Amino acid sequence: MKTDFLKYQAQTTPHPLAMEISHAKGSYIYDTKGKAYLDFVAGVSACSLGHSHPKVVSAIKDQVDQYLHVMVYGEYIQTPALELSKLIAYHLPVPLEVTYLVNSGTEAIEGSLKLARRFTGRSEIIGAKNAYHGNTMGSLSLMDYDERKKPFLPLIPDIKHITFNLESDINKITEQTAAVILETIQGGAGFIEPTDDYLTKVQKRCNEVGAVFILDEIQPGIGRTGKLFGFENYNCQPDIVVTGKGLGGGLPIGAFTASKEMMDSLSDNPKLGHITTFGGNPVIAAAALAALKEITSSNLIAETLEKEKIIREQLQHKHIKEIRGRGLMLAAFTESAEITSEVILSAQKEGLILFWLLFEPKAIRITPPLTISNDEIIEGCRLIKSILDKI
Ligand SMILES: Cc1ncc(COP(=O)(O)O)c(C=O)c1O
């Protein structure tokens, strides 16, 4: 299988992990040799309810029996997409009530940028240094990582960068600015939380100059940080909230939500301001609706904070220098990139899935499913410590 994988599937790195998957259930992934792996990564924060959650699977099966794709997004009324959009609105503060469903996180980012430009009639977009918003041309343009951007230049113009958490940069947001886009918690950079009222101040400045404040909740959102949306932790409210990953219950999705007044600008003058064939796909929306119902009607969100406590208690070790993040969006830092890589690779051999962060080589990603049990957490942490003991 590995030879064919390398031959026929496009690769993202020269050294993929290339684990051969048989099946996955709950907090475990099984390879084709029957070995079980405890999953501390959850498909990079996407499988919030673990693998193949019965309510998600049942919603998918029910929908498959009704209809699959019937029409491009926005023309026909399809219950799963409508109910999902209504439930998102129910859980967001006014005036965030209209959702555009798309196919991936990065597409939702693109939609949010277009919406901000269309709504304000301005072009300048301000992003943060060390941010990650996805890999399409617009999202890539927001990144300030020259080494990764260079081969793809020229990207979209009129992008500026500020330093996340640096208050003196906030005045770079002006009447020229269409939008400021930030991750609520910077992910790839090392799970960096906003300092106390940084986001409140950015929001205030955006309001003063008429810029649209966009928060990328693709990773922290949908329950991972002790609240349904990460921004609820930081006393602020975006004009556009972008979600993805955990919203899909394991299927591909992206969404951006704004006020009706703002969102209406995408459908008029010119009409068809953003269009998609498969956005709001009924099977995916049914899975997302089941996942969102389960996450919001159970104790899972509150439990993320208890589980965070257990992880912080359990991962006391001389090689763990710091644990950043909140809830079940945690990054454990060792003193070197080499140790971090050794832990991640050894863990896989021993049946524990860990992973790297995009731009911070000393960090070990710990983003398990929200459904992981306390015992599973303790077992995973024990394995990490036993690997560190040997270093
Ligand atoms: C904060 C953030 N924004 C955007 C994206 C892009 O989402 P997708 O990979 O679904 O396009 C990601 C994915 O890792 C992300 O973590």
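Counting starts at 1 for both ligands and their atoms, following the listed order. Being a predicted model, the structure only gives us computed values, none of them experimental.
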Handout entry: Protein heavy-atom partner closest to atom 7 (O) of ligand 1 - residue, atom, separation in Å
Key = Gly105 CA, 3.4 Å

Practice task
Could you check atom 12 (C) of ligand 1 against the protein and tell me its nearest heavy-atom contact, residue, atom and distance included?
Solution key: Tyr132 CE2, 3.6 Å

Handout entry: Listed once per pair and sorted, the ring pair (Phe, Tyr, Trp, His ring centres under 6.0 Å) pairs that draw on residues 238-258, sequence neighbours left out
Key = Tyr100-Phe256

Practice task
Report the residue from Ile240, Leu182, Ile181, Asn207 that forms a side-chain contact (heavy atoms from CB on, under 4.5 Å) with Phe213.
Solution key: Leu182

Exercise for the section: For residues 151-174, pull every pair meeting ring pair (Phe, Tyr, Trp, His ring centres under 6.0 Å), keeping only residues two or more places apart or in separate chains. Expected result: Phe164-Tyr198

Fill in the blank from the handout: Counting heavy atoms under 4.0 Å, the part of Thr106 that contacts ligand 1 is both

Practice task
Could you tell me which atoms of ligand 1, counted from 1 in the order shown, lie closer than 4.0 angstrom to a heavy atom of Glu183?
Solution key: 1 (C)

Practice task
Specify the protein heavy atom at minimum distance from atom 6 (C) of ligand 1: its residue, its atom name, and the distance to 0.1 Å.
Solution key: Gly134 CA, 3.6 Å

Handout entry: Working for side chain to side chain donor-acceptor pair (under 3.5 Å), residues Glu217 and Thr184
Key = CA-CA 6 Å; Glu217 288 270 346; Thr184 308; 2.8 Å; yes

Handout entry: atom 3 (N) of ligand 1: nearest protein contact (heavy atom, Å)
Key = Asp216 OD2, 2.6 Å

Practice task
Have a look at ligand 1 and work out which part of His133, if any, has a heavy atom under 4.0 Å from it: side chain, backbone, both or neither.
Solution key: backbone

Practice task
Determine, considering heavy atoms only, which of Lys245, Gln186, Glu110, Gln219 sits nearest to atom 14 (O) of ligand 1.
Solution key: Lys245

Exercise for the section: Please confirm whether Glu107 comes under 4.0 Å of ligand 1, counting heavy atoms of the residue only. Expected result: no

Exercise for the section: May I ask whether Val44 has any heavy atom positioned less than 4.0 angstrom from an atom of ligand 1? Expected result: no

Problem - Geometric class of the Tyr132/Phe359 ring pair [parallel <30°, tilted 30-60°, perpendicular >60°] - result: perpendicular

Handout entry: Identified side-chain contact (heavy atoms from CB on, under 4.5 Å) partner of Ile387 from the options Glu350, His317, Arg382, Glu342
Key = Glu350

Exercise for the section: Output yes when a protein non-hydrogen atom is found under 4.0 Å of atom 9 (O) of ligand 1, and no otherwise. Expected result: no

Practice task
Give a yes or no on whether Ile60 and Leu101 share a hydrophobic cluster (residues Ile, Leu, Val, Met, Phe, Trp, Tyr; joining criterion: side-chain heavy atoms under 4.5 Å apart).
Solution key: yes

Handout entry: NZ/NE/NH1/NH2 to OD/OE distance under 4.0 Å, Lys150 and Asp146
Key = no

